[in-house]
Asks: 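Questions regarding the structure given below will be posed in turn.
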Amino acid sequence: MAQAITLARPYARAAFEVAHAAGSLAAWSQALTFAAAVAKDSRVADLGTDPRVLPAQLVALHLPAGVAVDAPFAQFLTEMAEQRRMALLPEVADLYEAFKRESESQLLVKVTSAMALDAAQAEQLKVSLKRRFKREIELETRVDASLLAGVVIDTGEQVIDGSARGRLAQLASALN
């Protein structure tokens, strides 16, 4: 995984810089999301390393409808296909989104809670996190009943464990 991210980072940076310069961050985001979904398909993944499949054929498979074959995004895909790096598209898309959020002063926060958060709780959490991190907050929520109660907040750089399971673990280590 670490190697894939290392290989994907320059492609993601290049994609971000081209999209940012053209003012088309959202369009590139959608195109990369589509191309990454195609790359994840097991039927397509094997084609990326097959020497019988031409780079132009790989580009055609990964190119979203409505994007011209001479568009900058198609040229980007062509470069990746020529280097046989199409399998990296999911990592490229993830890194691109991180660069995009950073440029827009947004922070993706993954919130795991023991029970589903209602809309009011999610909004209150967003307001609190925005005040703390001084950035727009995008919440990604999931439920994990094994937490017993509370939430775990992961910003990517910092984890705040306010779960009952986490507090019990802290208590256990303090007693030992």
Side-chain angles (χ1 to χ4, degrees), residues 1-112 122 125-126 129-130 132-144 152-161:
M1 182 69 151
Q3 183 183 15
I5 288 177
T6 300
L7 293 172
R9 189 170 285 114
Y11 291 105
R13 175 59 68 188
F16 173 76
E17 289 175 3
V18 170
H20 191 266
S24 57
L25 289 173
W28 272 71
S29 180
Q30 291 173 344
L32 276 169
T33 299
F34 174 83
V38 171
K40 287 180 184 177
D41 187 313
S42 61
R43 297 170 294 179
V44 176
D46 295 337
L47 297 175
T49 57
D50 188 336
R52 297 173 295 176
V53 180
L54 299 174
Q57 293 170 314
L58 290 171
V59 170
L61 279 172
H62 292 81
L63 198 61
V67 177
V69 294
D70 61 345
F73 185 74
Q75 293 170 357
F76 172 77
L77 287 179
T78 300
E79 181 63 32
M80 289 191 72
E82 288 174 353
Q83 300 300 320
R84 297 291 178 184
R85 302 281 197 214
M86 299 301 267
L88 296 175
L89 278 167
E91 288 82 6
V92 170
D94 289 344
L95 289 167
Y96 175 88
E97 289 301 321
F99 293 144
K100 180 177 173 274
R101 277 191 298 277
E102 184 67 32
S103 76
E104 296 170 342
S105 294
Q106 290 183 343
L107 181 63
L108 175 63
V109 178
K110 297 177 183 178
V111 178
T112 306
L125 184 58
K126 281 175 80 169
L129 291 170
K130 181 178 180 178
R132 179 176 180 153
F133 293 105
K134 296 176 180 39
R135 296 167 76 182
E136 291 299 317
I137 302 297
E138 179 183 338
L139 284 184
E140 183 178 293
T141 61
R142 71 181 192 99
V143 176
D144 180 358
V152 176
I153 300 170
D154 183 355
T155 67
E157 295 176 8
Q158 184 178 14
V159 176
I160 303 167
D161 189 348

Asks: Within this structure, what is the NE2-NZ distance for the pair H20 and K100, rounded to the nearest 0.5 Å?
Replies: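 These two atoms lie 11.0 Å from each other.
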Asks: If you look at every heavy atom in A81 and M86, which pair is closest and at what distance?
Replies: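 Closest heavy-atom pair between A81 and M86: N-SD, 3.6 Å.
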Asks: Nearest heavy-atom pair of I137 and K130: which atoms, and what distance?
Replies: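 Reported closest heavy-atom pair: CG1-N, 3.5 Å.
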Asks: Measure the spacing between CG of L129 and CD of E138 and express it to the nearest 0.5 Å.
Replies: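 Taking CG in L129 and CD in E138, the distance rounds to 12.5 Å.
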Asks: Kindly compute the distance separating OH (Y96) from OG1 (T33), expressed to the nearest 0.5 Å.
Replies: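 Y96 atom OH to T33 atom OG1 measures 9.0 Å (nearest 0.5 Å).
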Asks: Minimum heavy-atom separation for P90 and A36, please, with both atom names.
Replies: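 Here P90 and A36 meet closest at CA-CB, 3.7 Å.
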Asks: My understanding is that only one of V69, V59, L58 makes a side chain to side chain contact (heavy atoms under 4.5 Å, CB included) with T78; could you say which?
Replies: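 The single option meeting the side chain to side chain contact (heavy atoms under 4.5 Å, CB included) with T78 is V59.
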Asks: With no hydrogens and no angle check, is any side-chain donor or acceptor of E140 less than 3.5 Å from a backbone partner on V109?
Replies: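 No, the answer is negative, given that no donor and acceptor are paired below the 3.5 Å cut-off.
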Asks: Any idea which heavy atoms bring R84 and L47 closest together, and the distance?
Replies: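 Heavy atoms only, the tightest pair is NH1-O, 4.0 Å.
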Asks: For L89, does its backbone N or O pair with a side-chain atom of Y11 as donor and acceptor, under 3.5 Å?
Replies: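 Looks like no, no N/O pair under 3.5 Å.
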Asks: I need the minimum non-hydrogen distance between S103 and F16, along with the two atoms involved.
Replies: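 So the minimum-distance heavy-atom pair works out to CB-CZ, 3.6 Å.
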Asks: Show your reasoning for whether side-chain contact (heavy atoms from CB on, under 4.5 Å) applies to L95 and R13.
Replies: CA-CA 8 Å; L95 289 167; R13 175 59 68 188; over 6 Å; no
Asks: Say you draw a straight line from CG of D94 to CD of E97; how long is it, rounded to the nearest 0.5 Å?
Replies: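 Result: 8.0 Å between the selected atoms.
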Asks: Sorted by first residue and then second, give each ring-ring contact (aromatic ring centres under 6.0 Å, His included) pair with at least one member in residues 35-74; sequence neighbours left out.
Replies: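 Every pair satisfying ring-ring contact (aromatic ring centres under 6.0 Å, His included) with a residue in residues 35-74: W28-F73.
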Asks: Looking at CG of L77 and CG of L32, how far apart are the two atoms once the value is rounded to the nearest 0.5 Å?
Replies: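 Going from CG on L77 over to CG on L32, the span is 7.5 Å.
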Asks: Can you tell me how far CZ of R85 sits from CD of E91, rounded to the nearest 0.5 angstrom?
Replies: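 CZ of R85 is found 12.0 Å from CD of E91.
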Asks: The test is side-chain contact (heavy atoms from CB on, under 4.5 Å); show your working for I153 and L125 and say whether it passes.
Replies: CA-CA 10 Å; I153 300 170; L125 184 58; 3.9 Å; yes
Asks: Below 4.5 Å, heavy atoms only, C-beta onward: do F133 and T155 meet side chain to side chain?
Replies: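 With C-beta onward as the side chain, the pair touches.
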Asks: Show the numbers, then the answer: is there a side-chain contact (heavy atoms from CB on, under 4.5 Å) between F34 and L63?
Replies: CA-CA 8 Å; F34 174 83; L63 198 61; 6.0 Å; no
Asks: Might you work through the side-chain contact (heavy atoms from CB on, under 4.5 Å) test for V152 and D144, ending with a clear yes or no?
Replies: CA-CA 10 Å; V152 176; D144 180 358; over 6 Å; no
